[in-house]
Number of protein chains: 2
Amino acid sequence: MAIPRAAKTLRRTRIQEEKEEQILEAALDVFSARGFRGSTIDQIAEVAGMSKPNLLYYFRTKEAMHRALIDRVLYTWLEPLRAFDAEGNPEEEIRSYIRRKLEMARDFPRESRLFANEVLQGAPHIEDELKGPLKQLVDEKAEVIRAWAKSGKIAECDPYHLIFSIWSTTQHYADFDVQVRAVLGQEHAGDGRFEDAARFLEQLFIGGLRPDTPAT
Amino acid sequence: MAIPRAAKTLRRTRIQEEKEEQILEAALDVFSARGFRGSTIDQIAEVAGMSKPNLLYYFRTKEAMHRALIDRVLYTWLEPLRAFDAEGNPEEEIRSYIRRKLEMARDFPRESRLFANEVLQGAPHIEDELKGPLKQLVDEKAEVIRAWAKSGKIAECDPYHLIFSIWSTTQHYADFDVQVRAVLGQEHAGDGRFEDAARFLEQLFIGGLRPDTPAT
DNA sequence: CGGATATTTGACCGATTGGTAAACATTACA
DNA sequence: TGTAATGTTTACCAATCGGTCAAATATCCG
């Protein structure tokens, strides 16, 4: 007879490792495309290629699946902001932050949409992460930006809204991909739009933050 | 006995007018907060203060409700972009477009989230609107921006990505409101963040598009 | 091998889903 | 005022939801 699932974590077998991986991969597919409430366990099971009860053997509830997925993805997702370096050259730091975020929008759109869905619907499952770790990280980086402005390396500006702007402009290409494609038309079906976006956003942010720019 | 609902639209009574209004208002509440698939007719009925069958007397399906809501809101939603004037002063036009979009994010966050939810999940119900009317409008305005750049009134830049940037940065304050609040903290609970955002975004876009700015 | 443990599945559960049927209540209007 | 059309509700439906259970199967290890 199977051990009660509460004791399952004592030792992790190879199969556990593999199946949980499979499941979370499928869950990312489904949750990112339909949101938590719009997703069903059956859909995830089908994508994962296993039966629903089998899925529920590894994650006892839909919520547990979602939480495990969020936990797993969140750390990676904040990596670019964490890499933001106080010692570096401001212009270059901002430029590479934009580039990194755009690359993530291009290469990990599901992760972007997972969070977008969650935040858009009131962040019922990640409120703590937003108010805790995320806020702390942003506070820290905002201080860096503020110091750059103070020392005249970039224009005086609100660092929080600067960060929000970089988030929104870059993630837009993942979250609103359908709309971007629809507006740009068929000819931008490839990844060219990401290079165009990178060029434009660098121009915008570097130009907009140039120290001699008088605050309006 | 009630007339089959197909014939209902021949003449609209006062009650029809009122109830449909009530329902769409409730539907906006629910759909914008939970997305189409995550919403239930019962929830809308409860918010609207009427029974589910009564709701279904006015809109035969959940889809019909959603479609009516989209139709009703879409035109208004594009108003700011439509107001973008080729004859006006470029700097002032961009500035006031940003301001208008920010005001909409502040005053009509539900409308913003309704579209965000829809687009985020692949725009299954509004693909035609995106590829048709929206694309046409954007194409038209992009041409205006391109002309401004050509005549040296603003910097050379990709007009499409400029428009995307204004959309994303402004709508961010509606769609990701929870996250913005979480990061800014309790002290920005009021509407002050919208003024800060307006100031920053004007600085960013006006500075970033200043004609003497060399494209990087 | 063999038995213990871990994994998988089909059948099933109560609750909720979108939607219907028909009886009942109200309104508009001649 | 009467009656036909409009509006509302109760009771209900089949399908799907998240989740359980016990039996069946696969794997591990001595």
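Below, chain A is the first sequence line, B the second, and so on; all start at residue 1. Any value given below was found using the heavy atoms of this structure, including those in side chains, with hydrogens, waters and symmetry copies removed.
- Of the side-chain N and O atoms in A/Gln16, one or more sit less than 4.0 angstrom from OP1 or OP2 of C/dT7.
- Following rounding to the nearest Å, A/Ile44 (CD1) and D/dG19 (C1') show an atom-to-atom distance of 14 Å.
- In this structure, B/Leu56 places its CG atom 13 Å from P of D/dT9, rounding to the nearest Å.
- Side-chain N/O atoms of B/Asn54 include one lying less than 4.0 angstrom from OP1 or OP2 on D/dT9.
- Contact annotation: A/Tyr58 side-chain N/O to C/dT8 OP1/OP2 distance is under 4.0 Å.
- Put simply, CD on B/Glu63 is 8 Å from P on C/dG19, counting in whole angstrom units.
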Please tabulate, one pair per line, all N/O donor-acceptor pairs under 3.5 Å involving side-chain atoms of residues 128-136 of chain A, not counting sequence neighbours.
{"residue": "A/Glu129", "atom": "OE2", "partner": "A/Arg67", "partner atom": "NH1", "Å": "3.3"}
{"residue": "A/Lys131", "atom": "NZ", "partner": "A/Glu127", "partner atom": "OE2", "Å": "3.1"}
{"residue": "A/Lys135", "atom": "NZ", "partner": "A/Asp139", "partner atom": "OD2", "Å": "3.2"}
{"residue": "A/Lys135", "atom": "NZ", "partner": "B/Val183", "partner atom": "O", "Å": "3.2"}

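- Taking atom CD on B/Glu46 and atom C1' on D/dT9, their separation rounds to 17 Å, with Å as the unit.
- Between the base of C/dG19 and the side chain of B/Lys52 there is a donor-acceptor pair shorter than 3.5 Å.
- B/Lys19 comes within 4.0 angstrom of sugar-phosphate atoms only, judged by non-hydrogen atoms across all strands, and of no base.
- Shown here are the salt bridge (Lys or Arg N to Asp or Glu O under 4.0 Å) partners of A/Arg193, two or more places apart in sequence or in another chain: A/Asp177.
- Remark: A/Glu18 engages A/Arg14 in a salt bridge (Lys or Arg N to Asp or Glu O under 4.0 Å) (not counting sequence neighbours).
- Rounded to whole Å, the distance from NZ on A/Lys62 to P on C/dA15 is 18 Å.
- The stretch residues 25-40 of chain B has no heavy atom under 4.0 Å from DNA chain D, so no residue of it qualifies as close.
- Contacts of A/Glu63 classified as salt bridge (Lys or Arg N to Asp or Glu O under 4.0 Å), with partners at least two apart in sequence or in another chain: none.
- Note on ring orientation: taking the six-membered ring where Trp is involved, the planes of B/Phe36 and B/Phe31 are parallel (angle under 30°, cut-offs 30° and 60°).
- Following rounding to the nearest Å, B/Glu18 (CD) and D/dT6 (P) show an atom-to-atom distance of 17 Å.
- Atom-to-atom, CG of B/Leu55 to C1' of C/dG18 comes out at 12 Å; the value is rounded to the nearest Å.
- As rounded to whole Å, 16 Å separates atom P of D/dA26 from atom CE of A/Met50.
- Under 4.0 Å is where a charged nitrogen must lie from a carboxylate oxygen, and between A/Glu79 and A/Arg82 at least one such pair does.
- The side chain of B/Ser51 places an N or O atom within less than 4.0 Å of a non-bridging phosphate oxygen (OP1 or OP2) of D/dT9.
- Regarding contacts with the backbone of C/dT7, a side-chain N or O of A/Tyr57 is found under 4.0 angstrom from either OP1 or OP2.
- For residues 106-117 of chain B, the pairs satisfying side chain to side chain donor-acceptor pair (under 3.5 Å) are A/Gln121-B/Asn117, B/Glu25-B/Arg110, B/Asp29-B/Arg110, B/Ser112-B/Asp175, with sequence neighbours left out.
- Taking every side-chain heavy atom of B/Pro53 into account, D/dA11 is the closest of D/dA11, D/dT20, C/dG19.
- Of the candidate nucleotides C/dG18, D/dT10, D/dC17, D/dC17 has the atom nearest to the side chain of A/Asp42.
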